[in-house]
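Right, one structure below, let's go through it.
Nothing fancy with the numbering, it's 1 onward along the sequence.
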Amino acid sequence: MNKRVFPLLSVFCLLLTACPPVPQDTLPAAGRTDASTLPAEPDTAPAVAPNTPQVETAAKARRPKNIILMIGDGMGVTQISAGMYSNNNKLNLEQFPVVGLHKSYSGDNLITDSAAGATAFSAGVKTYNGAVGVGMDTMPVVTILELAEAAGLPTGLVATCSIVHATPASFVAHNRQRKNYEEIATDFLKTEVDLLIGGGAKFFDRRKSDDRKLTKELEKRNYVVDNFVEKDAKDLRPDPARNYAYLTADGEPLPVAQGRDYLLPAVKIAPDFLDKRDRNNKGFFLMIEGAQVDWGGHANDSEYIISEMLEFNEAIGEVLKFAKADGETLVIVTADHETGGYAIQNGSSLNNIDGAFTSDYHTADLIPVFAYGPGSEHFSGIFENTAIFDKMKKLFAFD
């Protein structure tokens, strides 16, 4: 063989070995799928740093007393960007020193829904779309809120949707299907959530499945129950001596652009209320959801998204005020998924966004996670959505 040809053949063989053909098997993009086709979930979240004695000591020193989890439903990177560029290029999220990304897929679909996404946060399991606080086998799974209650910590839920909607429900209820609203409402009688603020009054008192008056039953369990008919949100002054529920709408609350006005008053009182309820100085857990960013995405309505995003931004600012003054509160802001395949079009400018959409449903985008306060360093990097539960549980020392 020609001596010049042999080296060329050797190099060609090495290239073939180093660059095998592109794999042909890919994840399905939509539709209910077999869980075996989805990415394997790691048994544990990736470590932030080696577990040296120094790191473990520092982690214990920075363990938060309180955790506030804020969920902007449907809030992807573009929703955040549109809110920022519609607010003179500023958002309160810029004050968060730690940013990560989570993988939002559910137990049976690359595209998660809010029920499965919230259950990943609340209970640390990947489950099927539509599942509320149950695993793939439809059996109940223990949530971070239930662990907090069992440990004697005050807890709270605030949402701009009905309180029995998928996201808040996934922290309290255990139901095979997210739309079983009246069944989900009865689960609120099986726990001791200290603070409840959201819509859905009819699922408690004007029920189709039975004649129960769940607000009366709550009152017998040491709750003060107010509603939007009898009391305006700006007049909320709950007594920390008793549990408190405020039902903000008969069904689903209005968009903020149409007059909904209770999120900011609720966010201003919620941390202080739970802090006063914390008589044993153990801390508290609070979940706050900006639900209707998602609804703007489903409607392919850019202005709807932006108005909800800007209100959620103000809510984040109020929570940060509490956390900065308190010094013992971890604030986590994230979303369950992105909605709409939202994009900012060419020709847009500051305070003038031209938005476009690829879908009227959710997408499989990686979702940002922002963290502030003690323990925030654990939320950098890329991790499964279930790791948010794992990290909160570890920081609360519930292991």
Exercise for the section: Would you list the pairs meeting salt bridge (Lys or Arg N to Asp or Glu O under 4.0 Å) in which at least one residue belongs to residues 233-253, sequence neighbours left out? Expected result: Arg206-Asp250, Asp232-Lys234

Handout entry: Passing option when Asp210 is tested against Lys213, Lys208, Arg207 for salt bridge (Lys or Arg N to Asp or Glu O under 4.0 Å)
Key = Arg207

Handout entry: Side chains of Gln292 and Cys161 in contact at under 4.5 Å (non-hydrogen atoms)
Key = no

Per-pair distances, 0.1 Å, donor-acceptor, side chain in residues 315-324, under 3.5 Å, sequence neighbours excluded:
unit_1, atom_1, unit_2, atom_2, d
Glu318, OE2, Lys321, NZ, 3.4
Lys324, NZ, Gln95, OE1, 2.3

Problem - Residues which pass side-chain hydrogen bond (donor to acceptor under 3.5 Å, both in side chains) with Asn243, listed by chain and number, not counting sequence neighbours - result: Glu192, Arg277

Problem - Closest heavy-atom pair and its distance - Asn175, Glu183 - result: ND2-OE1, 2.8 Å

Exercise for the section: Would you check if Ser376 and Arg62 make a side-chain contact, meaning some heavy-atom pair closer than 4.5 Å? Expected result: yes

Practice task
Applying ring-ring contact (aromatic ring centres under 6.0 Å, His included) between Tyr342 and each of Tyr304, Phe357, Tyr361, report the one that passes.
Solution key: Phe357

Practice task
May I ask you to decide if the ring planes of Tyr262 and Tyr246 are parallel, tilted or perpendicular, using 30° and 60° as cut-offs?
Solution key: perpendicular

Practice task
Please collect all salt bridge (Lys or Arg N to Asp or Glu O under 4.0 Å) contacts where either partner lies in residues 325-352, sequence neighbours excluded, each pair once.
Solution key: Lys65-Glu328

Completion exercise
Applying ring pair (Phe, Tyr, Trp, His ring centres under 6.0 Å) to Phe273 and not counting sequence neighbours gives none

Problem - Salt-bridge contact Asp187-Lys190 (side-chain N to carboxylate O under 4.0 Å) - result: yes

Completion exercise
In short, Tyr244 meets Pro238 closest at the heavy-atom pair CG-CB, 3.6 Å

Exercise for the section: Report the residues that fulfil ring pair (Phe, Tyr, Trp, His ring centres under 6.0 Å) with His102, sequence neighbours left out, ordered by chain and then residue number. Expected result: Phe121

Handout entry: Path from Leu153 to Leu69 over hydrophobic side-chain contacts below 4.5 Å
Key = yes

Practice task
Would you indicate whether the side-chain heavy atoms of Lys216 and Glu219 approach each other to under 4.5 Å?
Solution key: yes

